[in-house]
Amino acid sequence: MIKEQTMTGLGLMSGSSLDGVDMTVCSLIYRFDQATGIIDSVSIELRAYDCIAFPDYMKERLIKADSLSVPEFIELDKDLGVFLGEQVSEFIRQKSIKGVEFVASHGHTILHEPSKGYSCQIGSPSHIAANSGIVTIGDFRNMDMAYGGEGAPMAPLIDRYVFPDVDLFLNIGGIANVSYSVDSHVFGYDLAPANQFFNKLANELGFDFDDQGKLASKGQVNPKLLSLLEALDYFSKSGPKSLDNIDIREHIWPIVKTSVISVEDKLATCVQLLVNQFEKALKHFLSLQKGRSQVRLLISGGGAKNTFLVEQILNLQIENVQINLYETSESVSDMKEAMLMALAGGLRILELPNIFSSVTGAKKDSVGGGIFYP
């Protein structure tokens, strides 16, 4: 018997680029078979949204979070939770929103070690609940990891249910990830560092970010740097796989940082690294979908505004296949990951799977997230 459940949820997402916290209020409608738990359809409507910038003092602590002492780390977890809870209350007040039933918070990732079976996102859900007065769901990834999965990416959840007309999804945040489905099997994995590298390099020239990729467009791809990056083990692996921020900082970023070339050339090369990794994913998709002449691609996240990067992707020439950009609203593109959290939160309340084992490599699909009551 198909049951329909309507909810209103607030999603929170904080990424490795440290731009701030994306906040969305979404109306959700789930239709699912009560006996089997199989999802029939999901509808999601973005009602209100904003990106809340981190105060400088919070941003500085988050940058150094993995080097803090245990007491300092726990205090930061608490302080971020208080900050998020207060921001949720203020957001709801300013937008005059009524009826928010839950907050679903991804938290800010500090440690992500799939090989060791754990992931750590801070921003205490208990303190979010206490300071917002709203039921809060957090710690989405560790159940999947307990079953041997990567715990990431989660994006294929919203891709599969909300955008059935799209073939491939490329989300370009601090880290870029890709997802696609073939015969109900969902593939998804991290591709390469994206905005966190683009932003760092732009900072060296006095800019907050590389607006529309204009800086990268002035550079030239450096074959030596590109070769050094692509020689790293991660980029030769097939999925399931996911990138850890510490590994990025300790093993990937130093190669870029120490390269004796211009910042513009470094940007152009990092763009090419991402394009090359996406090309591998596209070729894998096409190998499973013989005879295709067109592919519908949805690009989301802050990197969707990087015109230079998007042009490089759309200009890929593979087996005479045309890549067509799937159009969605700017608000949905920008807030897709926060909407994902609202979607995942509702599934947690319904006790339905919100992380796919086919994506993560876990033993089974899992219902991720703990529920914290105010």
Side-chain angles (χ1 to χ4, degrees), residues 3-15 21-32 37 39 41-52 80-81 84-85 87-89 91-92 95 97-109 119 121-145 149 151-163 171 173 300 332 335-356 359-360 365-374:
K3 179 179 180 179
E4 185 171 291
Q5 182 72 48
T6 301
M7 298 184 190
T8 299
L10 189 151
L12 295 175
M13 171 60 77
S14 168
V21 180
D22 289 339
M23 190 176 300
T24 63
V25 172
C26 300
S27 295
L28 299 148
I29 303 174
Y30 302 90
R31 299 185 76 253
F32 58 96
I39 301 289
S41 67
V42 176
S43 171
I44 183 167
E45 178 188 353
L46 181 59
R47 288 176 49 189
Y49 61 93
D50 201 357
C51 180
I52 311 299
L80 181 57
L84 292 173
Q87 292 301 314
V88 165
S89 291
F91 177 77
I92 289 173
K95 302 288 186 179
I97 299 168
K98 299 186 183 299
V100 175
E101 298 167 73
F102 66 86
V103 173
S105 176
H106 177 269
H108 192 81
T109 299
S119 188
Q121 287 76 39
I122 64 171
S124 166
S126 296
H127 288 84
I128 296 175
N131 284 273
S132 67
I134 302 171
V135 173
T136 299
I137 305 158
D139 188 22
F140 282 92
R141 298 188 185 273
N142 276 297
M143 181 57 74
D144 177 82
M145 302 187 89
M154 290 182 65
L157 180 70
I158 192 169
D159 296 342
R160 178 177 182 177
Y161 291 136
V162 180
F163 302 100
N171 184 70
S300 60
V332 169
M335 295 291 149
K336 183 165 166 269
E337 287 192 295
M339 294 169 66
L340 159 68
M341 299 319 301
L343 172 62
L347 289 171
R348 173 61 186 92
I349 290 173
L350 295 171
E351 299 183 4
L352 296 173
N354 53 17
I355 298 186
F356 300 136
V359 171
T360 67
D365 291 351
S366 61
V367 182
I371 302 178
F372 300 79
Y373 295 92

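These figures come from a predicted structure and were not determined experimentally.
Not counting sequence neighbours, the partners of S14 by the side chain to side chain donor-acceptor pair (under 3.5 Å) test are H108. For Q87, there are no side chain to side chain donor-acceptor pair (under 3.5 Å) partners at least two apart in sequence or on another chain. Taking the side chain to side chain donor-acceptor pair (under 3.5 Å) definition, one finds that N171 meets it with S300, E337, sequence neighbours left out. Applying the side chain to side chain donor-acceptor pair (under 3.5 Å) rule to S126 yields no partners; only residues at least two apart in sequence or on another chain are considered. Remark: E4 engages R31 in a salt bridge (Lys or Arg N to Asp or Glu O under 4.0 Å) (not counting sequence neighbours).
A donor-acceptor pair under 3.5 Å links the side-chain atoms of E101 to the main chain of T8, judged by distance alone. When atom types are taken as modelled, the side chain of D144 and the backbone of S366 share no donor-acceptor pair closer than 3.5 angstrom.
Residues M143 and V367 fail the side-chain proximity criterion, which asks for heavy atoms closer than 4.5 Å. At a threshold of 4.5 Å between non-hydrogen side-chain atoms, the residues I371 and F102 do not count as touching. Inter-residue side-chain proximity for P374 and V135 is flagged as met; some heavy-atom pair is nearer than 4.5 Å. Under the 4.5 Å side-chain criterion, counting only non-hydrogen atoms from C-beta, V332 is in contact with F163.
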Using distance only, find each side-chain donor-acceptor pair of residues 340-352 under 3.5 Å and give its atom names and separation, not counting sequence neighbours.
from, atom 1, to, atom 2, distance (Å)
R348, NE, G369, O, 2.6

I'd like a table of donor-acceptor pairs (distance under 3.5 Å, sequence neighbours excluded) in which one partner is a side-chain atom from residues 152-161, with atom names and distances.
from, atom 1, to, atom 2, distance (Å)
D159, OD1, K336, NZ, 2.7
D159, OD2, S179, OG, 2.4

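Identified under the side-chain hydrogen bond (donor to acceptor under 3.5 Å, both in side chains) test for residues 129-139, with sequence neighbours left out: D139-N142.
At a cut-off of 3.5 Å, with distance as the only test, a side-chain donor of Q121 or S119 sits close to an acceptor on the other residue.
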